[in-house]
Amino acid sequence: MKIPKKILIIEDEKSLARALELKLTHAGFKTKVVLNGEDAMQIIGKESFALILLDLIMPKMDGFTLLAMLKVKKIKTPVLVLSNLSQDEDEKRAKEFGAKEFFIKSNTPIATIVLRVIELLK
């Protein structure tokens, strides 16, 4: 049996985090949800993940800070950013910090995100 790939969902909007968790689990992935960047950094230090889904605006530590910390710690896990920040500068900044993709939550159906995750982790 194939071991499912683990995805870390870092999202403070509980309903969205739960929806992503359900869809990704249904697609055959193992998921872990954390609601802020600080808790996420602690988990990333202890466990490895195939992919990280990251919100930018969160309590305790924002997504940009988390991306910067991943870079400093040389953690190479691919990151997909999910944000309501729709400015080009935000997308550019996230990508400069190493984010693979940038999705604007309000414009992106969860199914689209799940399909992209499947493509990336095949």
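Excluded from the calculations below are hydrogen atoms, water molecules and symmetry mates; all remaining heavy atoms, backbone and side chain alike, are included.
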Under the side-chain contact (heavy atoms from CB on, under 4.5 Å) test against D55, which residue among L85, I9, D12, D62 passes?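 Result for side-chain contact (heavy atoms from CB on, under 4.5 Å) with D55: D12.
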Whether the side chain of E13 engages the backbone of S15 through a donor-acceptor N/O pair (distance < 3.5 Å, no angle test) should be reported.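 Side chain of E13 to backbone of S15, a donor-acceptor pair under 3.5 Å: no, none is there.
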Under a 4.0 Å N-O cut-off, is there an ion pair linking K95 with E91? yes
How would you list, by chain and number, every residue that makes a side chain to side chain donor-acceptor pair (under 3.5 Å) with [X], sequence neighbours excluded?
X    : result
K100 : none
N84  : none
R18  : E21
K30  : none

Can you measure from [atom1] ([X]) to [atom2] ([Y]) and round to the nearest 0.5 angstrom?
X    : Y    : atom1 : atom2 : result
K105 : I113 : NZ    : CD1   : 9.0 Å
F49  : L121 : CZ    : CG    : 13.0 Å
T65  : L70  : OG1   : CG    : 11.0 Å
E101 : L51  : CD    : CG    : 9.5 Å
L80  : F102 : CG    : CZ    : 11.5 Å
N36  : L66  : CG    : CG    : 9.5 Å

Close side-chain approach of [X] and [Y], heavy atoms under 4.5 Å:
X   : Y    : result
L20 : L82  : yes
V34 : I43  : yes
L53 : V117 : yes

Between [X] and [Y], is there shared hydrophobic-cluster membership here, with clusters defined by ILVMFWY side-chain heavy atoms closer than 4.5 Å?
X    : Y    : value
L54  : L16  : no
F29  : V33  : yes
L115 : L120 : no
I52  : V81  : yes
L35  : L22  : no

May I ask you to check whether over 12 heavy atoms, not counting those of D88, lie within 6.0 Å of atom CG? no
Inspect the surroundings of NZ in K6 and state if more than 12 heavy atoms from other residues, nucleotides or ligands are less than 6.0 Å away.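 Correct, the count exceeds 12.
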Less than 6.0 angstrom from the centroid, inside 45 degrees of the normal: does R93 satisfy that with respect to the ring of F64? yes
What closest approach, in Å, do [X] and [Y] show between heavy atoms, and which atom pair accounts for it?
X   : Y   : result
K60 : E38 : CD-OE1, 3.5 Å
P4  : G28 : CB-O, 3.2 Å
A50 : P78 : O-CD, 3.3 Å

Take L8 and I44 through the test side-chain contact (heavy atoms from CB on, under 4.5 Å) and record every step on the way to the result. CA-CA 9 Å; L8 181 61; I44 292 165; 3.5 Å; yes
Apply salt bridge (charged side-chain N to carboxylate O under 4.0 Å, His left out) to K5 and list each qualifying residue two or more places apart in sequence or on a separate chain. none
Residue list, salt bridge (charged side-chain N to carboxylate O under 4.0 Å, His left out) with K92, at least two apart or on another chain: E96
